[in-house]
S.K.: 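Next up is a structure, given as structure tokens.
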Protein chains: 2
Amino acid sequence: MKQATQTDVAQAAGVSRATVSYVLNERYNSAMPISTKTKEKVLKAVADLGYNPDARARSLRSGKTQTLGLIIPNLHNPHHWEIVEGVMQKAHKLGYEILFSSSDLESKKEENSIKALFRRSVDGIILLPSFIKLYPKLLQQISELQLPVVTIGCRDIGIDCIGSIDTEATNNAIKHLENLGHKKIGFLVTGENQTSGEDRLYPYFQSLTKNKRALISKQIVRVKSTIEDAYRKSLELLKKDNRPTAIITVNDYFAVGVLRAASDLNINIPEDLSIISFDDILLANFTSPRLTTVRLEAKAVGQGAVTILLNRLNNKNLAIQKERIPAKLIIRESTAQVKL
Amino acid sequence: MKQATQTDVAQAAGVSRATVSYVLNERYNSAMPISTKTKEKVLKAVADLGYNPDARARSLRSGKTQTLGLIIPNLHNPHHWEIVEGVMQKAHKLGYEILFSSSDLESKKEENSIKALFRRSVDGIILLPSFIKLYPKLLQQISELQLPVVTIGCRDIGIDCIGSIDTEATNNAIKHLENLGHKKIGFLVTGENQTSGEDRLYPYFQSLTKNKRALISKQIVRVKSTIEDAYRKSLELLKKDNRPTAIITVNDYFAVGVLRAASDLNINIPEDLSIISFDDILLANFTSPRLTTVRLEAKAVGQGAVTILLNRLNNKNLAIQKERIPAKLIIRESTAQVKL
DNA sequence: TTGAAAGCGCTAACAC
DNA sequence: GTGTTAGCGCTTTCAA
């Protein structure tokens, strides 16, 4: 049997198509009063026929798709998924669907995702950007598409955003390590063009030029966003004679790679090496040892992103929204007093 | 500036809207010949105006949305994302978008996802089902919606499907453990209503009733699909006097929880306890010890699901498709000869 | 309180 | 080779 259409329902209920529309969109409370009997007739016909309004037609006419685009850099970091979870929960609760895409760390793809994918099939976009260099281009595309966008992770480029307070988070991590007496700290950050490395650690390095820079012998290692590379690079780092007594990684996922590398080299954690990371993914509490990490409230970030985006949809003229979520240090087992 | 429409392009190029449509849909090679000059004029106008066809209107008219629905049970098991990755890669390559949804292990939600979400906004659905009991209901919904569906994981219910060869995979795991001399094997499976537990281990248990059942003292533990529960339940299991010498978990994600529990109890792996699991997620090679596991080729499964679904879209009358992907035992560090 | 009808932007059958 | 035109299924003014 063919799918029932609005016309079928109207005929079955003995009313006009407009009336069906009114009932289904609950217009009867406000401007458009509908008699209870009519309403019931329509509802019955809808149930009988198993009628489901066509989202495309509805969208074409109303201008709203009730769909949000979500783009994340890669599919392997669990932190991203926790964000996705927050986004989906909130979006579904509010009656929005999610058109999902991963940019796979290729800037070309990220571009395409934004452009090709969202030919008015979404009302707005939630973007977890991967490439810093992309930002100017991004801005341009966004204005061309005239689609509201909220980015996860804030930079001052006049776009709605939500993110953790990176400098605060970083300071928490550094301070914890310093309190434990660590002076030789290694840093595992993402590639030069990617966001999380720069955002998270750069403010800290900046501050160093003024004061404690001399105190800390920086050992910065850039890794691709895979656990394999985190493993390989930390293996190299830890094989050096002058290896750090503590490592800060830009995310928990990398920290798992470091854990593995340390284990290969018979380096005990935290006795011989402290590790601290960011995110506090679920897994962080189940590694051996459990990870000391700076919690970034992924789910809240995801939910907040939806809220911000919908605010924008409801009011194009809103001032730029910028929400910062506090980061909290979670001390577990991967950090300890430095050995003398 | 308003988004350009087909009419704008037609005017700018000095042709009719139909011609624009022909050019953009590349109809000029086949039935509908278009002169090169016209084609170029149109293409230029498209570029000048930054024209992007409206996916909704196109879909409404053509009946195709170029969008696939993807539903997975929960967002935390990395194996699921690897499947998602395969799905997205293949789908995007073929010009399809992904409408994404997680059923979060609530059967109610899974139902809604299928019904409400996909009111003709997708051409077909890829479903990684979570609840066995849902299958009959599922079948009914599918026929009501008249939407092609492919399930990941096969059961004989007359739906296109793709999955690993579960009995083969299970036999691989069991045989490996038996070869190492293990007789007391514990099983960590998912809740009674969920698919992976039953599919993966049930055929094996069935076979046992006929022969080696006596040899193996089964210790079956049911866990919820969270790493926390896997951890908690294996802690209980391992505290027993008569604890198993080997544990089979239904996925690598659970195995990480077992690793953690063993570590808490100072049980050495693999010396005191062997662990074998399923999936071979990326992480499985970076735990300590690295996991012996039965590789399930998640990415290939995801890609295959898309292929199967598109076959179905192209030919409604195709016989039921059923693709099985061989499972391969990957021996790493979490299994060893049983101690005497 | 309800109905008639226009039209969202596009594709495809048909006409020229 | 190219243009005309009829809808796809819905929402929403306007009229009754």
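What you see below is based on every heavy atom in this structure, not just the backbone, and it leaves out hydrogens, waters and symmetry mates. Chain naming here is simple, since letters A, B, ... match the order of the sequence lines and numbering starts at 1 in each.
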S.K.: In whole Å, what is the span from the CG atom of A:Asp8 to the P atom of D:dG9?
M.R.: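 Rounded to whole Å, this separation is 9 Å.
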
S.K.: Do A:Thr38 and A:Val15 make a side-chain contact, defined as non-hydrogen atoms from C-beta onward lying under 4.5 Å apart?
M.R.: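 Side-chain contact under 4.5 Å: yes.
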
S.K.: Could you state the atom-to-atom distance from CZ of B:Arg61 to C1' of C:dT11 in whole Å?
M.R.: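 So the two atoms are 5 Å apart, to the nearest Å.
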
S.K.: Please confirm whether any donor atom in the side chain of B:Tyr22 sits under 3.5 Å from an acceptor in the base of D:dG3, or the reverse.
M.R.: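 Indeed there is one.
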
S.K.: To the nearest Å, how far apart are A:Gln11 CD and C:dG3 P?
M.R.: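 Computing the A:Gln11:CD to C:dG3:P distance gives 13 Å.
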
S.K.: What is the distance, to the nearest angstrom, from the CG atom on B:Leu60 to the P atom on D:dA6?
M.R.: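 These atoms are roughly 17 Å apart.
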
S.K.: Take atom CZ of A:Arg56 and atom P of C:dG7, then tell me their distance rounded to the nearest Å.
M.R.: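 These atoms are roughly 23 Å apart.
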
S.K.: Only counting residues at least two apart or in another chain, list the ones meeting side-chain hydrogen bond (donor to acceptor under 3.5 Å, both in side chains) with A:Thr7.
M.R.: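 In terms of side-chain hydrogen bond (donor to acceptor under 3.5 Å, both in side chains), with neighbours along the sequence ignored, A:Thr7 is linked to no residue.
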
S.K.: Write out all pairs satisfying salt bridge (charged side-chain N to carboxylate O under 4.0 Å, His left out) with one or both partners inside residues 55-68 of chain B, taking only residues at least two apart or from two chains.
M.R.: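 Every salt bridge (charged side-chain N to carboxylate O under 4.0 Å, His left out) pair that includes a residue of residues 55-68 of chain B, provided the two are not neighbours, is B:Asp54-B:Arg56.
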
S.K.: Side chain of A:Ala18 only, heavy atoms from C-beta on: which candidate in C:dA5, D:dT4, D:dG9 is closest?
M.R.: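 The nucleotide sitting nearest to the side chain is C:dA5.
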
S.K.: Considering only D:dC10, D:dA6, C:dG3, which nucleotide approaches the side chain of A:Val15 most closely?
M.R.: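 Side chain of A:Val15 sits closest to C:dG3.
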
S.K.: Is B:Ser21 near enough to C:dC10 that one of its side-chain N or O atoms lies under 4.0 angstrom from OP1 or OP2?
M.R.: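 The answer is no; no side-chain N or O of B:Ser21 sits under 4.0 Å from OP1 or OP2.
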
S.K.: Send over the distance from B:Lys37 NZ to D:dT2 P, rounded to a whole Å.
M.R.: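 Rounding to the nearest Å, NZ of B:Lys37 and P of D:dT2 are 7 Å apart.
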
S.K.: Is the shortest side-chain N/O distance from A:Arg58 to OP1 or OP2 of D:dG9 below 4.0 Å?
M.R.: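 Indeed not, no polar side-chain atom of A:Arg58 lies that close.
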
S.K.: Which angle, rounded to 10°, do you find between the first-five-pair axis and the last-five-pair axis of the helix from C:dT1-D:dA16 to C:dC16-D:dG1?
M.R.: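 If I round to tens, the end axes sit 40° apart.
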
S.K.: Give the rounded distance in Å between these two atoms: CG of B:Leu24 and P of C:dT11.
M.R.: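 Interatomic distance, CG of B:Leu24 to P of C:dT11: 8 Å.
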
S.K.: Between D:dG9 atom P and A:Asn25 atom CG, what is the distance in whole Å?
M.R.: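 Taking CG of A:Asn25 and P of D:dG9, I get 17 Å after rounding.
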
S.K.: Distance-only, no hydrogens or angles: does the B:Glu85 side chain make a donor-acceptor pair with backbone N or O of B:Lys299 under 3.5 Å?
M.R.: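 Between the backbone of B:Lys299 and the side chain of B:Glu85 there is no qualifying donor-acceptor contact (under 3.5 Å).
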
S.K.: Closer to the 5' end of DNA chain D via nearest nucleotide, is it A:Pro53 or B:Gly14?
M.R.: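 On the 5' side of the pair lies B:Gly14.
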
S.K.: So A:Phe100 and B:Phe100, would you call those rings parallel, tilted or perpendicular, with 30° and 60° as cut-offs?
M.R.: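 Rings of A:Phe100 and B:Phe100: parallel, under 30°.
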
S.K.: For A:Asn315, enumerate each residue passing the side chain to side chain contact (heavy atoms under 4.5 Å, CB included) test, keeping only those at least two apart in sequence or located in another chain.
M.R.: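 A:Asn317, A:Leu318.
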
S.K.: Scan A:Thr38 against the nucleic acid and name what it touches under 4.0 Å (heavy atoms): base, sugar-phosphate only, or nothing.
M.R.: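 Sugar-phosphate, no base atom in range.
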
S.K.: By nearest heavy atom, map B:Arg17 and A:Arg17 onto DNA chain D; which one lands nearer the 5' end?
M.R.: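 Result of the comparison: B:Arg17.
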
S.K.: Among the nucleotides C:dG9, C:dT11, D:dC10, which one has an atom lying closest to any side-chain atom of A:Tyr51?
M.R.: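 Looking only at side-chain atoms, A:Tyr51 lies closest to D:dC10.
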
S.K.: Which residue pairs pass the salt bridge (charged side-chain N to carboxylate O under 4.0 Å, His left out) test when at least one of the two sits in residues 302-314 of chain A, sequence neighbours left out?
M.R.: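 Applying salt bridge (charged side-chain N to carboxylate O under 4.0 Å, His left out) to every pair that reaches into residues 302-314 of chain A, excluding sequence neighbours, yields A:Asp160-A:Arg312.
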
S.K.: Among C:dG9, C:dT11, C:dG3, which is the nearest nucleotide to the side chain of B:Thr5?
M.R.: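 Looking only at heavy atoms from C-beta outward on B:Thr5, the closest nucleotide is C:dG9.
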
S.K.: Could you pull out all residues at least two apart from A:Lys44 that satisfy salt bridge (Lys or Arg N to Asp or Glu O under 4.0 Å)?
M.R.: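 Salt bridge (Lys or Arg N to Asp or Glu O under 4.0 Å) check on A:Lys44 returns A:Asp48.
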
